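Since the structure comes first, as structure tokens, the remarks are kept for the end.
The first residue in the sequence is number 1, and the count goes up from there. Small disclaimer: the values here were computed from a predicted structure and weren't measured.
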Amino acid sequence: MGILDDIKNTVSQAVFTPSTLMSGRGGLHMAQILLCLVTFVISAFRGGSSHTYWNYAMFAWSFCPIMTLIITIIEMFMLDPLLKLCLDWRDFTTGMAMSSALMTVSVAIFYANFYICRTCLHGWIVSIFAFLSGIVYILEVVKDKIFDKSTGSYLSALPGFMKVMEAFVSCMIFVSLTGYRDSFPLILCVIAYAIPFPIIPIIIATNILKKLKNCLPFNLDRFVFIFLVISVVLYVFTAIMWPIFMFRHNPRPSDCPPSYCIWAIQFMVAFFTYVNLILFVLDLIFTLLGICGFKRP
């Protein structure tokens, strides 16, 4: 009954406080929402595309401002104490800012690479707004981590943010996958990429929701350790198989521009594979140290 009473008291005390929008944090949130919205609309105005990088960019420019809007509304009505019953609200908001900064900056780089040319005015405009969107998210991260000295419990701390990085790099691999359907070893690589991917968000959500984590009938750190061992094995497999079966008898074409060359995109898959392998290995080491009683950074 104590938890129900806390919820009732928090809801009854919810007050609309527009003054939060006038603070530095509120101003950054408004700038993030507006810039992402403008970028999304201008990019959509050009017309749809079957290009996976364009689809990922449109997703980022919609997902990030929606999450920012939800956070802003919760703080505007002072409902965040209600959520503090089940999660570290400050850690969650800082972690979302870090994740959004990662997504918006990456899509700005990709969009500029694929759609900017000397005569492409539309591509230049979208890219400028895309970089501005990434900058305002970076400013929020700097404000939280440096000026406000926010110390995260998971999502904005190293263990949680490494999981975010692993999920992000996995997304980059999936949006770059091409030219694998006629090769059984490469299909196995795609399966290996797919196995760890859905488990990462579950681990992140379980660590964020403290009440859920405490109800688990097993030790989460040990489960994460087993998951990371399996992920490292899978990525070692793909790190060997993808370059061999993708690039054997498939040298880089002499007329291969960086923007629209299929070979370069296939190379990006190999590059991101090694990046994620390094992340999983480091995460495995930190998790093992945590299980052994060492304090993780």
Shared ILVMFWY cluster between V233 and I278, side chains joined below 4.5 angstrom? no
Heavy-atom pair with the smallest gap, counting every atom of A194 and P198: O-CD, 3.0 Å
Tell me, please, which residues at least two apart from S156 pass side chain to side chain donor-acceptor pair (under 3.5 Å). D91
Tell me, which pairs form a salt bridge (Lys or Arg N to Asp or Glu O under 4.0 Å) where one or both residues lie in residues 105-114, sequence neighbours left out? none
Using every non-hydrogen atom in the two residues, find where M96 and L155 come nearest and quote the distance to one decimal. N-CD2, 4.1 Å
Atom CZ of residue position F247 - does it have more than 12 heavy atoms of other residues, nucleotides or ligands inside 6.0 Å? yes
Hydrophobic cluster membership, L186 vs F184, 4.5 Å side-chain cutoff: yes
Check whether S62 reaches the backbone of F59 with its side chain - one donor and one acceptor, N or O, closer than 3.5 Å. yes
Of L69, I66, L28, which meets side chain to side chain contact (heavy atoms under 4.5 Å, CB included) against I33? L69
Looking at side-chain heavy atoms only, is the closest gap between M30 and T68 below 4.5 Å? no
Atom pair CG/CG of L209 and D88 - distance to nearest 0.5 Å: 12.0 Å
Indicate the atoms forming the closest heavy-atom contact of A44 with W54, along with that distance. CA-CZ2, 4.5 Å
Can you tell if the side chain of R90 reaches within under 4.5 Å of the side chain of D144, non-hydrogen atoms only? yes
Quick one: OH on Y154 to CG on L87, what's the gap to the nearest 0.5 Å? 13.5 Å
Taking every non-hydrogen atom, the tightest pair across L234 and A192: CD1-O, 3.9 Å
Rounded distance [0.5 Å steps], CD in E140 versus OG in S100: 8.0 Å
Find out whether Y180 and C189 are in side-chain contact, i.e. whether some heavy atom of one side chain is under 4.5 Å from a heavy atom of the other. no
Shortest non-hydrogen pair, I203 vs K163, comes out as CG2-CE, 4.0 Å
Is L34 reachable from I73 through a run of I, L, V, M, F, W or Y residues, each pair having side-chain heavy atoms under 4.5 Å apart? no
Between M246 and F267, does a side-chain contact (heavy atoms from CB on, under 4.5 Å) hold up when you go through it step by step? CA-CA 9 Å; M246 178 57 72; F267 175 80; over 6 Å; no
Considering residues at least two apart in sequence or located in another chain, which fulfil the ring pair (Phe, Tyr, Trp, His ring centres under 6.0 Å) criterion with F218? F223
Kindly say whether C64 contributes a backbone atom to a donor-acceptor pair with the side chain of Y137 at under 3.5 angstrom? yes
Are F286 and P159 side-chain neighbours, meaning at least one heavy-atom pair lies under 4.5 Å? no
Spatial distance of atom CE (M162) from atom CG (L228) [nearest 0.5 Å]: 8.5 Å
Under the criterion side chain to side chain contact (heavy atoms under 4.5 Å, CB included), which of L277, V275, V281, D283 is the partner of L279? V275
How would you list, by chain and number, every residue that makes a ring pair (Phe, Tyr, Trp, His ring centres under 6.0 Å) with Y235, sequence neighbours excluded? Y193, F280
Identify the residue among R25, H29, Q32 that makes a side-chain hydrogen bond (donor to acceptor under 3.5 Å, both in side chains) with T72. H29
Say whether Y111 and T39, considering side chains only, have a donor N or O and an acceptor N or O under 3.5 Å apart. no
Only pairs under 3.5 Å count here: list side-chain donor-acceptor contacts from residues 116-136, not counting sequence neighbours, and write none if there are none.
from, atom 1, to, atom 2, distance (Å)
H122, NE2, I42, O, 2.7
W124, NE1, C117, O, 2.7
S127, OG, G123, O, 2.8
S133, OG, F129, O, 2.9

Under a single-linkage definition using a 4.5 Å side-chain heavy-atom cutoff for Ile, Leu, Val, Met, Phe, Trp and Tyr, are I230 and V224 assigned to the same hydrophobic cluster? yes
Separation between OG1 (T52) and CZ (F110), nearest 0.5 Å, reads 9.5 Å
Under a 3.5 Å distance rule, please check whether S106 uses its side chain to pair with a backbone N or O of M103 as donor and acceptor. yes
Locate the shortest heavy-atom distance separating K145 from T94; write the atom from each residue and the value. CD-CG2, 3.7 Å
Can you find a heavy atom in the side chain of N276 that is under 4.5 Å from one in the side chain of E166? yes
Show your reasoning for whether side-chain contact (heavy atoms from CB on, under 4.5 Å) applies to I173 and M268. CA-CA 8 Å; I173 291 174; M268 290 301 294; over 6 Å; no
Go through it in stages, so that I can follow the logic: the residues are Y53 and S176, the test is side-chain hydrogen bond (donor to acceptor under 3.5 Å, both in side chains), and I'd like the CA-CA distance, side-chain angles, deciding distance and then a yes or no. CA-CA 8 Å; Y53 289 111; S176 303; 2.5 Å; yes
With rounding to the nearest 0.5 Å, note down the distance linking CZ in F40 to CG in L35. 15.0 Å
What pairs of residues pass the ring pair (Phe, Tyr, Trp, His ring centres under 6.0 Å) test when at least one of them lies in residues 79-109, not counting sequence neighbours? W89-F92
Between F197 and F174, is the ring centre distance below 6.0 Å? yes
Side chains of P65 and L37, heavy atoms from C-beta outward: is any pair under 4.5 Å? no
Is there a donor-acceptor contact under 3.5 Å linking the side chains of W61 and T104? no
Can you confirm whether N219 is buried at CG, in the sense that more than 12 heavy atoms of other residues, nucleotides or ligands lie under 6.0 Å from that atom? yes
When you group the ILVMFWY residues by side-chain heavy-atom contacts below 4.5 Å and let the links chain together, are I265 and Y274 in the same group? no
Taking it one step at a time, do D221 and T287 satisfy side-chain hydrogen bond (donor to acceptor under 3.5 Å, both in side chains)? CA-CA 7 Å; D221 283 341; T287 302; over 6 Å; no
